[in-house]
Number of protein chains: 2
Amino acid sequence: MDGLKIGALAKRTGTNAPTIRYYEEIGLLRSADRQAGGQRVYSDADVKRLTFIRRCREFGFSIEQVRSLVELMQDPTQSCVHARDLAQEHLIAVRAKLAELKALERSIAAFVASCDASCAGGPGPECVILDDLSKRRVEVPSTSKGRRSPCGTCS
Amino acid sequence: MDGLKIGALAKRTGTNAPTIRYYEEIGLLRSADRQAGGQRVYSDADVKRLTFIRRCREFGFSIEQVRSLVELMQDPTQSCVHARDLAQEHLIAVRAKLAELKALERSIAAFVASCDASCAGGPGPECVILDDLSKRRVEVPSTSKGRRSPCGTCS
DNA sequence: GCTTGAACCTCTAGTTACTTGAGGAGGTAC
DNA sequence: GTACCTCCTCAAGTAACTAGAGGTTCAAGC
């Protein structure tokens, strides 16, 4: 099963060919062997390595983190506990992002809800809800609080 | 309170000065008035507009979406319902991202947990968990399934 | 052997939303 | 007057690719 060309490798790993060349360029993949005509040839080891890289990228690891993991995978002097630590670190970042995104979701949902409750159209410049966004650190109302009157021209 | 310089505007809105210049360059902020010496001067209207922009960006709207919202805010012929629709659309995207991120969080947590359960260090290249990542579409075990034996050299 | 068309090559530029840095000018306090 | 801060413009850098131009190689069919 050796001797894949770039297109076949791409298909096998769910990557685009230009992305593979890009990974080579930045040194994430070794420089591929070439056929007489200059076309890249890949082996099963490359399939494995690229799959690893793609999986890590799907996991949201940055290129630099993936680089560490790849090196770690191939260096018999390094402990795999290091990978766990990287993952742990990444997990913390993902959880922080998750919390942020949840807050964001609540805010936007509240925004939409308050639009539904208070506005029935009308000119943008007079919409009290849009206007709110240009004030500093105004909390978007946490749904159905009836805190504000509708836009003068709405409803 | 008029006549802010760029640094003051930056402070008031929590933006960096280069970012303000960038917004001007891409036409998100109007071209600022200048002092005799060429320094930009801003008014309260600019504070308001930039605050609006920053709030929208914090909400995860893209520059182009913000551009729409800003135009909408200032065009008396457009309905604010359009803003609601943009927000609604954005909400859907945020929810999709949220779902993805949750799945990711579970996967990484499972990875860390299985490292903790199966590995106590050992060379990276022989770690079965790292090795898993180079195989196609292998589910990271959903915690404590005991599916696999520990790395040969670990534990 | 020739043709055709897909797949490949390199190189450059574009994407998003800024950030960083160089090198110089304006403004203000002492 | 001089020190120092803030400002100016312009160019390049960042992440992680994607897209396009223009040319070459390869495999299949005749």
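All chains are named by letter (A, B, ...) in the order of the sequence lines, taking the proteins before the strands, and each is independently numbered beginning at 1. Worth knowing before you read on, the calculation uses all heavy atoms, side chains too, and leaves out hydrogens, waters and symmetry mates.
Atom CD of A/Gln39 and atom C1' of C/dC8 are 4 Å apart (whole Å). Taking atom CG on A/Leu9 and atom C1' on C/dA7, their separation rounds to 14 Å, with Å as the unit. In this structure, A/Ile53 places its CD1 atom 17 Å from P of D/dA15, rounding to the nearest Å. Separating the NZ atom of A/Lys5 from the P atom of D/dT24 is a distance of 17 Å, rounded to the nearest angstrom. Between A/Gln65 atom CD and D/dA15 atom P there is a gap of 12 Å when expressed in whole angstrom units.
Nearest to the side-chain atoms of B/Ile6 among the listed nucleotides C/dA17, D/dC7, D/dC26 stands D/dC7. For B/Ile63, counting side-chain heavy atoms from C-beta on, the closest listed nucleotide (C/dC8, C/dC18, D/dC17) is C/dC18.
Side-chain contact of A/Arg49 with A/Tyr42: a donor-acceptor pair under 3.5 Å is absent, judged by distance alone.
Applying the 4.0 Å criterion to OP1 and OP2 of C/dA17, one finds that B/Arg54 has every side-chain N and O outside that range. Applying the 4.0 Å criterion to OP1 and OP2 of C/dC8, one finds that A/Arg40 has every side-chain N and O outside that range. The side chain of A/Gln35 places an N or O atom within less than 4.0 Å of a non-bridging phosphate oxygen (OP1 or OP2) of D/dC26.
Residues from residues 16-34 of chain A lying near DNA chain C, meaning a heavy-atom separation below 4.0 Å, are A/Arg21, A/Arg34 in numerical order.
Note that the OG1 atom of A/Thr15 and the CZ atom of A/Arg54 stand 5.0 Å from one another [nearest 0.5 Å]. Within the model, atoms CZ of A/Phe61 and CD1 of B/Ile108 stand 5.0 Å from one another, a figure rounded to the nearest 0.5 Å.
With contacts defined as side-chain heavy-atom distances shorter than 4.5 Å, the pair A/Asn16/A/Tyr22 does not qualify. Side-chain contact check for A/Arg57 versus A/Ile63: some heavy-atom pair is nearer than 4.5 Å.
Salt-bridge formation is detected for the pair A/Asp44/A/Arg12: a Lys NZ or Arg NE/NH1/NH2 atom is positioned less than 4.0 Å from an Asp or Glu carboxylate oxygen.
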